Amino acid sequence: MSGKGHDGELFSNGSNDTLIVAAKLHRVYDAGEVQVHALRGASLKVKKGECVAIMGSSGSGKSTLMNILGCLDKPTSGSYYLCGEDVARLGRNRLADVRNQTIGFVFQSFNLLARTSAQENVELPLYYAGAGGRERRSKAAEALERVGLSDRSHHHPSQLSGGQQQRVAIARALVTSPKVILADEPTGNLDSKTSVEVMDLLADLVDAGMTVVLVTHEQGIAARAQRVIEMCDGEIVSDVRNGRTGAES
């Protein structure tokens, strides 16, 4: 990877511990006769094993940035490398493979299928990856055990608390052994006590080597991350380390 100036600093990482490298990301949407500039030159780098929180008011660009990092959208211009691959230039099918194999998603609303068990919800990414039934069941059981829900594997979402549903969602994100978990307001629908429990679980994953990038509007949640990125009007206006243990940027 190469570049000049600030881009050069981003891309010449000189090691294999950098997972995400995004440089001068712009995203422009056409809204009729008006163009909306959702991102205006955002650049960042995330190392393996880091926990990074992205904050900003509504319209700041944090959701657009998360969508690009999650390969759910493409930048209008700029570069995005994930695990050394220029994903900004990939076609639809390859992007789908990257999402399934490299990224685990956790959403505010859990996004669990109501009529299926916790076990079956966790198996879903493996089903789309073409894994056989025995492999799906084994890996899903392992993921549920990792989040402390082995005894709830046959329960449906309606039989689980909000915190338990989010743990199922985290197990689903983990089941494909992704390189990074992207969490969009993972505590947004939870009470304060349950939010702490979910963040404790994410912190344990980071301690075990997982990379986590999360969007949040809660200062207390962001304080649990190793770094806090603030966005405003499509730009990254600050990138501050919290002083927690973990990989250095």
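The model shown is predicted, which means the values in this text are computed figures rather than measured ones. Below, each value reflects all heavy atoms present in this structure, side chains not excepted, and no hydrogens, waters or symmetry copies. In this chain, residues are counted from 1 in sequence order.
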Sorted by chain and residue number, the salt bridge (charged side-chain N to carboxylate O under 4.0 Å, His left out) partners of E135 (sequence neighbours excluded) come out as K139

Using salt bridge (charged side-chain N to carboxylate O under 4.0 Å, His left out) as the criterion, list what pairs up with R27, not counting sequence neighbours. D73

Please set out all donor-acceptor pairs under 3.5 angstrom arising from side-chain atoms of residues 98-109, sequence neighbours excluded.
residue: R99; atom: NH1; partner: C71; partner atom: O; Å: 2.6
residue: N100; atom: ND2; partner: P125; partner atom: O; Å: 3.1
residue: T102; atom: OG1; partner: V98; partner atom: O; Å: 3.4
residue: Q108; atom: NE2; partner: N189; partner atom: OD1; Å: 3.2
residue: S109; atom: OG; partner: N111; partner atom: OD1; Å: 2.8

With sequence neighbours excluded, tell me which residues meet side-chain hydrogen bond (donor to acceptor under 3.5 Å, both in side chains) with T116. N121

Checking one residue: Y128. Which other hydrophobic residues are in its cluster under the side-chain 4.5 Å linking rule? L113, L124, Y127

My understanding is that a hydrophobic cluster links ILVMFWY residues whose side chain heavy atoms are under 4.5 Å apart, including indirect links. Using that, what else belongs to the cluster containing M55? V228

Contacts of K74 meeting salt bridge (charged side-chain N to carboxylate O under 4.0 Å, His left out) (sequence neighbours excluded), chain-then-number -> none

Kindly write out the residues that satisfy salt bridge (charged side-chain N to carboxylate O under 4.0 Å, His left out) with E230, not counting sequence neighbours, or none if the list is empty. none

Co-members of the apolar cluster containing V237 [side chain, <4.5 Å]: none

Under the rule for side chain to side chain contact (heavy atoms under 4.5 Å, CB included), what residues qualify as partners of E142, not counting sequence neighbours? none

V196: hydrophobic cluster co-members (side-chain, 4.5 Å): none

With sequence neighbours excluded, residues passing side-chain hydrogen bond (donor to acceptor under 3.5 Å, both in side chains) with H217: E185

